[in-house]
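Note that ligands are numbered from 1 as they come in the structure, with each ligand's atoms numbered from 1 the same way.
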Amino acid sequence: MAQKTALITGITGQDGAVLAQILLEKNYHVHGMRPYSAVPDTARVEGLDITLHYGDVTDGGAILRLLETIKPDEIYNLAGMSHVHVSFDMPELTANVNGLGPIRILEAMRLMHAQKEIRFYQASSSEMFGRAPAPQSEQTPFEPCSPYGASKLYAYWMVRQYREAYGLHASNGILFNHESALRGEEFVTRKITKAIGQIEAGLRNRVSLGNLDAKRDWGHAHDYMHGAWAMLQQKTPDDYVLATGQSYSVRDFLAKAFAVIGVNIIWKGAGLNELGINKQTGQTIIDIDPALFRPTEIHNLIGDASKAKHLLNWTPRHSFDDLVTEMVQADRIVQNAAPMKYGT
Ligand code: F7E
């Protein structure tokens, strides 16, 4: 079989790095598009046999030229303004990158359609479900409650529009939260595991967090990027939810993560005055920072991935316990044996 060529936008993020490794293992030529950054941002893809190109989903001309140059078989659009809380402060940028960005790629594909069929994956998000009651599946009506969720929902509909109107092979992967040791430190799971490593090493005393009672369906990025690849191997484009079907609160994540280093938490106080105390030492290790609460919050996400299980034969291989343990172990400074790498 001829070697395939893939283009990954957002290759410098967690998902881009994990997907690049998966595609290299499958013998793809992997090209990555990355935006200009004044500070080094390629640590996650260091040493991988890939070709990096400057480009940005806000620059339609750059995208078209890139597609004409590398003529990919598959495009994975992982570029995005991915932080939900930040999207409240930058709604226009969020809409431009997450909402219009995919359209610039789809337009370029439309222009090239006569020359070559290109398959397109859009990183849609469980954040589009917002306040819709759990469990959420492909049939659930969307109710986004953040600028991020609304921007992703616009892109979701435009993917379907290009698929139906112009016959493009374009699919939406509606992915619930997915994490790994490569997760950005601004997301709650990695923020917690990074802090645990530092607290254990005596480099800090505590971690400040926002809403501890929000529940998320947390899976492993490696499982989810494998699912993204599987979507583009289908003859017909479609939309799929990827999720574990189980949800845990931030508080549950904290308890499991601290337990990995042998620390039990006792909760004292309530609301903004709540504290997490190290049961063994009596020291405060968790406190609440009101600035970390969002103007509107999603309280509970639980995905129903039956369609992906049935049609893609996809099933998550990592349990919540595996995920938490892997992330904490990777961030341990004391007796840290694990290099920063996603699990297999
Ligand atoms: O927040 C709560 C916060 O920022 C998870 C992105 O990949 O998944 C991710 O979005 C929960 C929220 O992820 C802190 O309020 C408490 O309820 O890790 P997160 P997210 O917003 O769910 C979806 C599927 C995406 O598509 C997004 O791109 O944790 N929380 N305290 C906190 N969150 C953060 N970040 N920091 C805190 O201190």
**Request:** Give me the ring orientation class for W218 and F320: parallel if the planes are under 30° apart, tilted from 30 to 60°, perpendicular past 60°.
**Result:** parallel
**Asked** Applying a 4.0 Å heavy-atom criterion (strictly less than), which segment of V84 is in contact with ligand 1: side chain, backbone, both, or neither?
**Response** side chain
**Prompt:** Does K191 approach ligand 1 within less than 4.0 angstrom via side chain, backbone, both or neither, non-hydrogen atoms only?
**Reply:** side chain
**Asked** Can you find a pair of side-chain heavy atoms, one from R163 and one from L168, that are under 4.5 Å apart?
**Response** no
**Request:** May I ask you to list the atoms of ligand 1 that are less than 4.0 angstrom from any heavy atom of G210?
**Result:** 14 (C), 16 (C), 31 (N), 38 (O)
**Request:** Looking only at distances, please establish whether an N/O atom of ligand 1 is found under 3.5 Å from an N/O atom of R216.
**Result:** yes
**Request:** Kindly say whether A79 contributes a backbone atom to a donor-acceptor pair with the side chain of T9 at under 3.5 angstrom?
**Result:** yes
**Request:** For L175 and ligand 1, answer yes if some heavy atom of the residue is under 4.0 Å from a ligand atom, otherwise no.
**Result:** yes
**Prompt:** Do you know which of D73, N77, L67 makes side-chain contact (heavy atoms from CB on, under 4.5 Å) with L7?
**Reply:** L67
**Asked** Identify the closest protein heavy atom to atom 35 (N) of ligand 1: which residue and atom is it, and at what distance?
**Response** E186 O, 3.0 Å
**Prompt:** Would you say R294 has any N or O atom under 3.5 Å from an N or O of ligand 1, going by distance alone?
**Reply:** yes
**Message:** Below 4.0 Å from ligand 1: does a non-hydrogen atom of H178 turn up there or not?
**Reply:** no
**Asked** Hey, does the side chain of N96 reach the backbone of L93 with a donor-acceptor pair shorter than 3.5 angstrom?
**Response** no
**Prompt:** For ligand 1, does K152 get within less than 4.0 Å through its side chain, its backbone, both, or neither, judged by non-hydrogen atoms?
**Reply:** neither
**Request:** Ignoring hydrogens and angles, tell me if any N or O in the side chain of K307 forms a donor-acceptor pair with the backbone of D239 under 3.5 Å.
**Result:** yes
**Prompt:** By number and element, which atoms of ligand 1 are closer than 4.0 Å to a non-hydrogen atom of V250?
**Reply:** 2 (C), 29 (O)
**Prompt:** NZ of K26: more than 12 outside heavy atoms within 6.0 angstrom?
**Reply:** yes
**Asked** Of all the atoms in ligand 1, which lie at a distance below 4.0 Å from a heavy atom belonging to S126?
**Response** 24 (C)
**Asked** At the 4.0 Å heavy-atom cut-off, does Y148 count as touching ligand 1?
**Response** yes
**Request:** Kindly indicate whether the side chain of H222, heavy atoms from C-beta on, has any atom under 4.5 Å from the side chain of I22.
**Result:** yes
**Message:** Looking at K152 and G149, would you say the former's side chain and the latter's main chain have a donor-acceptor pair under 3.5 Å?
**Reply:** no
**Item:** Test applied, side-chain contact (heavy atoms from CB on, under 4.5 Å); reference residue, H178; option that passes from D15, D223, L323
**Value:** D15
**Prompt:** Quick check: does any side chain N or O of S87 sit under 3.5 Å from a backbone N or O of Y148, one acting as donor and the other as acceptor?
**Reply:** yes
**Asked** Nearest to atom 16 (C) of ligand 1 by heavy atom, N177, V207, N211: which?
**Response** N211
**Request:** Identify the protein heavy atom lying closest to atom 7 (O) of ligand 1, giving its residue, its atom name and the separation to 0.1 Å.
**Result:** R183 NH2, 2.8 Å
**Asked** Taking atom 33 (N) of ligand 1 as the point of reference, which of I192, V188, D289 owns the nearest heavy atom?
**Response** V188
**Message:** Geometry only, no angles: is A214 polar-contacting ligand 1 at N/O separations under 3.5 Å?
**Reply:** no
**Prompt:** Counting distance only, does the side-chain N/O of E326 pair as donor-acceptor with the main-chain N or O of S180 below 3.5 Å?
**Reply:** no
**Item:** E297 heavy atom under 4.0 Å from ligand 1
**Value:** yes
**Prompt:** Which of the numbered atoms in ligand 1 are below 4.0 angstrom from a heavy atom of L292?
**Reply:** 38 (O)
**Asked** Considering only heavy atoms, which of A123, S125, S82 lies nearest to atom 23 (C) of ligand 1?
**Response** S125
